[in-house]
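The block underneath contains the structure these notes are about, expressed in C-alpha cells.
Predicted model, so just to flag it, every value in this text is computed and none were measured. Any value given below was found using the heavy atoms of this structure, including those in side chains, with hydrogens, waters and symmetry copies removed.
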Amino acid sequence: MTHPTITAVTQRIIERSKPTREAYLALIEREGGNAQDRTMVSCSNLAHAFAGAEQDQEALKTNAGPNIAVVSAYNDMLSAHAPYYRYPERLKVYAREAGATAQVAGGTPAMCDGVTQGEAGMELSLFSRDAIAQATGIALSHAMYDGMLLLGICDKIVPGLLMGALRFGHLPALFVPSGPMPSGVSNKEKQRVRQLYAEGKASRAELLDSELGSYHSPGTCTFYGTANSNQMMMEMMGLHVPGAAFVRPGSKLRQQLDRAAVHRVTELAKAKSRPLGVCVDEKAIVNAVVGLLATGGSTNHAIHIPAFARAAGVIIDWSDLAELSSVVPLVARVYPNGSGDVNHFHEAGGMGYVTRELLSAGLAHADVLASGADDMATFGEEPWLDDETLAWRDPGPSGDTEMLRPAAEPFAPDGGMRLVAGNLGRACFKSSAVDPSRYTIEAPCRVFQTQGAVAEAFKAGELDRDVVVVVRFQGPRANGMPELHKLTPPLGVLQDRGYKVALVTDGRMSGASGKVPSAIHCSPEALGGGPLSLLRDGDVVKVCAVTGELSTTADLSTRTPAPDPEPEDGTGRELFAMYRLLADEAEKGASPMLAAAGL
C-alpha cells in the first residue's frame, strides 16, 4: 500500500494539473493520429531521408520494420559522453537484430558544468537545457520515426532531452546511459586538497594532479551530483532498461543492456504501446522526486523536475517536494553526502536495492507504466549475465550499511531537501550533506553580487566571523542562474575554523555541493526588486532547515532595491539575451521556452 502522504501529494498534483495534462494528452493523441504511413510520403522526401542509410536503405524503402530515432548528445570533451562515440554503429546492429532500423536523427549541445565552474560560460549552462530540448525537437521533426533512443547523461542534458522528447510523446522512448568512469582519488582526499588550495597551502600543480586523479577517463564523474541523479531518476521513472544507470562503459553487461534497450523500444514501436507521454505521468514524476529525496540527490533537480513535468502537462512545486521530503527516508549516502562514490553505491546494491526498498515500503508508485520493463518491480532487481544472457535477480541485503540502508532503518527519517521561506522569498536547502548542528544559522550578512567578490573577501580575511554570505543577481533573468560551486571550498574553510556560516543566493549550487548550509534558488530573484535586492551588509539573516525559515529582522519596507546590474557579454552570453528576458522563476523550472509557449 502506498504511503498516505505520497498518495495525497500525488492526488494534489493530479488535480492541479488536470487542465494542462488533459491538453497534453490530447496533443500527443492528435500527433499520433496524424503520424503518416511513410509509404504515403513524397518519394522525394523519402529519398532524402534514406540516402545516407546505406545497408538499411532496402529495409527503409520497403517499410520492413520500425525506424528508431537516435538523438545523441555525444562529444568527447565531456567524459560522460565520450563513450557514445561508437554507439550509433552498435545501436544500428542491435536494431537490425530486432527487425528494425535506426538512424541518428540529430545531435544536441552538451556542455560540462565541471569545465565552466566559476567561468563566464557557466552563464549559458541552465539555458542550454532549453536549447537541448529545442535541438531534440528539431531532430524528431522529420516524421520518419516510430520510437526514440535518447543518448545523454549529464546535468542539463537529460532534462533537456526529456523535455524535447515529450513533445513527441506519442512515440515510445528509452534513455541509454553509458556508465561511470572507474573510481580514482578518494573523495575525502580530493576535498582535502581543494581546501588546502583555498587556504594557499597547496600549489596549483598539486591541485591539478589531485583533480586529474579524480576525473581521469571516459565515463560519468563518480560523485553523486546532477549527472548521476539524472540516472537515478530515469530508473525511478521506468525510462531505462532496469539497472542500466551505473554499469561501467565497455563492459559486456553494459553492451547487453544497450542491446536490450534497442530491442525493447523496437518491441514497443511494433506494438504501438507505452508512448513516452503516457508513461511520464504524475506518478512517474513523484517517483523521480522520491528517488531524489531518498538518495540525497542534486538540488538542481528542484528546477529541472518542474520543467520536464511541465513539458508533460504536470504541475509540481517546491511545497510538494518539501511535503514528500517529510516522509521519504534517506536510504543512501553517496559522496558528497557520504564517503563512497557511485561505483561503491552500485556495488553495494545500487538502484535495484533503493528501488526495491522504496517500492516495498510503499514510498514509490509501483503502478507506473514503465518503458524499460513490463512493470516497476523489475527495477527493484539488479542486472547480471547468466552465461552471457542478460537476466535480473534480487540485489539481496545492503553490501555496505554505511552506503545503503533499508527504508525501515534509514540514515535519516526524512529526505535530503527542504523548503525554507519567509520575507526573503522561497529557497531550497539540501539537508542530506549538512550536519544537523548547522541546520540553523543566524548571523549578520555580507552582501555580494559576484562569486569572485566573495573569493576576494575571503582571501582578505573579511569573512573570518559568523556570517551569512548573500550572493544576489545570480537568478535566471539576471545572468542565467550559474552554479556557484566555487564558493564551497572557501566557505567550507570558514566553517572548519569554527564559524557559523551559511549561503543565501538566487543562483544555483552544484549537485556536488556539500557541507555548508545553503538557501539556494531563492525566488523571486533579486533582479527587478526581489527581497534579496533590499538587503544590506550587517542585516541579520536566519536560515533554518528545522522550521523552514528564510528571513531577516531588518525592515525592508522602506528600502530602495539595489540597481539591477548590466548584463555581461562575451563567451556567447549575448546570444542568450532572449532566454534571460523570457525566463520564469526557478520554482517553475526557469524555462524561457516553456514560458513563451504558454506551457
Side-chain angles (χ1 to χ4, degrees), residues 69-85 87-88 104-117 121-140 148-168 173-181 215 218-221 223-235 237 239-240 244-246 249 261 276 280 288 292 297-301 303-305 307-308 311 342 480-483 508 510-512 576 579 589-591 593-594:
V70 178
V71 183
S72 176
Y74 163 74
N75 69 46
D76 61 7
M77 178 278 300
L78 212 173
S79 66
H81 290 195
Y84 283 143
Y85 174 58
Y87 266 57
V104 178
T108 77
M111 68 180 292
C112 179
D113 288 5
V115 174
T116 56
Q117 286 291 344
M122 176 53 78
E123 295 184 18
L124 280 59
S125 171
L126 178 59
F127 292 147
S128 76
R129 182 195 64 194
D130 285 25
I132 289 162
Q134 292 171 318
T136 303
I138 292 168
L140 297 170
M148 301 177 272
L149 292 167
L150 306 168
L151 276 57
I153 293 169
C154 286
D155 297 4
K156 266 55 67 187
I157 298 158
V158 166
L161 285 167
L162 183 54
M163 290 163 70
L166 279 166
R167 305 315 293 179
F168 296 81
L174 281 174
F175 278 81
V176 184
S178 68
M181 68 177 69
Y215 311 115
T220 313
C221 302
F223 63 84
Y224 192 52
T226 311
N228 287 316
S229 297
N230 279 335
Q231 305 316 301
M232 173 279 303
M233 291 196 307
M234 295 305 100
E235 298 261 342
M237 296 172 71
L239 299 181
H240 277 172
F246 302 124
L276 177 66
V280 180
L292 186 73
S298 169
T299 53
N300 276 322
H301 289 304
I303 301 172
H304 297 322
I305 292 173
F308 67 65
V342 294
M481 206 178 188
E483 285 185 352
R508 296 183 295 126
S510 166
F576 285 73
Y579 287 74
S591 174
M593 176 186 68
L594 295 176

TODO: Give a yes or no on whether the backbone of A165 and the side-chain of T136 come within a donor-acceptor separation of less than 3.5 Å.
DONE: no
Open item on the list: Side chains of T108 and V71, heavy atoms from C-beta outward: is any pair under 4.5 Å?
Closed with: yes
Open item on the list: Please give me the minimum heavy-atom distance between S178 and A80, naming the atom from each residue.
Closed with: OG-O, 3.1 Å
- [ ] May I ask you to test the H240-Q231 pair for a side-chain heavy-atom distance under 4.5 Å?
- [x] yes
Task: Donor on one side chain, acceptor on other, T226 and S298, under 3.5 Å - done: yes
Task: Mutual orientation of the aromatic rings belonging to H301 and H304 [parallel < 30°, tilted 30-60°, perpendicular > 60°] - done: perpendicular
Open item on the list: Suppose the criterion is side chain to side chain donor-acceptor pair (under 3.5 Å): which pairs have a residue in residues 157-167, not counting sequence neighbours?
Closed with: none
Task: 4.5 Å side-chain heavy-atom contact, V115 and M77 - done: yes
- [ ] Please round to the nearest 0.5 Å and tell me the distance separating atom CG of L126 and atom CG of N300.
- [x] 8.0 Å
TODO: Anything under 30° is parallel, anything over 60° is perpendicular, the rest tilted; go ahead and classify Y74 against Y85.
DONE: tilted
Task: Validation row: H81, T220 side chains within 4.5 angstrom (heavy atoms) - done: no
Open item on the list: Do R508 and P482 make a side-chain contact, defined as non-hydrogen atoms from C-beta onward lying under 4.5 Å apart?
Closed with: no
- [ ] Could you check I153 against L78 for side-chain contact (heavy atoms from CB on, under 4.5 Å), going step by step and ending with a plain yes or no?
- [x] CA-CA 10 Å; I153 293 169; L78 212 173; over 6 Å; no
Open item on the list: Determine whether D113 and K156 satisfy the following criterion, side-chain contact (heavy atoms from CB on, under 4.5 Å), listing intermediate values before the conclusion.
Closed with: CA-CA 9 Å; D113 288 5; K156 266 55 67 187; 2.3 Å; yes
- [ ] Would you confirm whether R129, through its side chain, and G160, through its main-chain N or O, come within 3.5 Å as a donor-acceptor pair?
- [x] no
TODO: Determine the minimum heavy-atom distance between P218 and P249, stating which atoms define it.
DONE: O-CG, 4.3 Å
TODO: Check A139 against A105 and note the closest heavy-atom contact, atom names and distance.
DONE: O-CB, 3.5 Å
Task: Under 3.5 Å: donor-acceptor pair, side chain of T116, backbone of C112 - done: yes
- [ ] Taking all heavy atoms of L150 and all of A173, pick out the closest pair and write down the distance.
- [x] CD1-CB, 4.4 Å
- [ ] Spell out, as yes or no, whether a donor-acceptor pair under 3.5 Å connects the side chain of S591 to the backbone of L594.
- [x] yes
Task: Atom pair CE/CZ of M593 and F127 - distance to nearest 0.5 Å - done: 11.5 Å
Task: Approximate separation, where rounding is to 0.5 Å, of M232 CE and F246 CZ - done: 8.0 Å
Open item on the list: A side-chain contact here means heavy atoms from C-beta on lying under 4.5 Å apart; do F308 and M237 qualify?
Closed with: yes
TODO: Search all heavy atoms of G152 against all heavy atoms of I157 and return the closest pair with its distance.
DONE: CA-CG2, 4.0 Å
Open item on the list: For the backbone of M122 and the side chain of E483, can you confirm whether one donor and one acceptor N or O come within less than 3.5 Å of each other?
Closed with: no
Task: Reported CG-to-CE distance for the pair L276 and M148, which is rounded to 0.5 angstrom - done: 5.0 Å
Task: Whether N230 side chain and D155 backbone form a donor-acceptor pair below 3.5 Å - done: yes
Task: Step-by-step side-chain contact (heavy atoms from CB on, under 4.5 Å) determination, L162 to F175 - done: CA-CA 9 Å; L162 183 54; F175 278 81; 4.0 Å; yes
Open item on the list: If you define the side chain from C-beta out and look only at heavy atoms, does anything of N228 sit under 4.5 Å from F223?
Closed with: no
Task: Nearest heavy-atom neighbours spanning A590 and I303 - done: CB-CG2, 4.2 Å
Open item on the list: Using side-chain heavy atoms (C-beta onward) and a distance below 4.5 Å, is V70 in contact with V176?
Closed with: no
- [ ] For the pair S72 and Y87, evaluate side-chain contact (heavy atoms from CB on, under 4.5 Å) and give the outcome as yes or no after the intermediate values.
- [x] CA-CA 9 Å; S72 176; Y87 266 57; over 6 Å; no
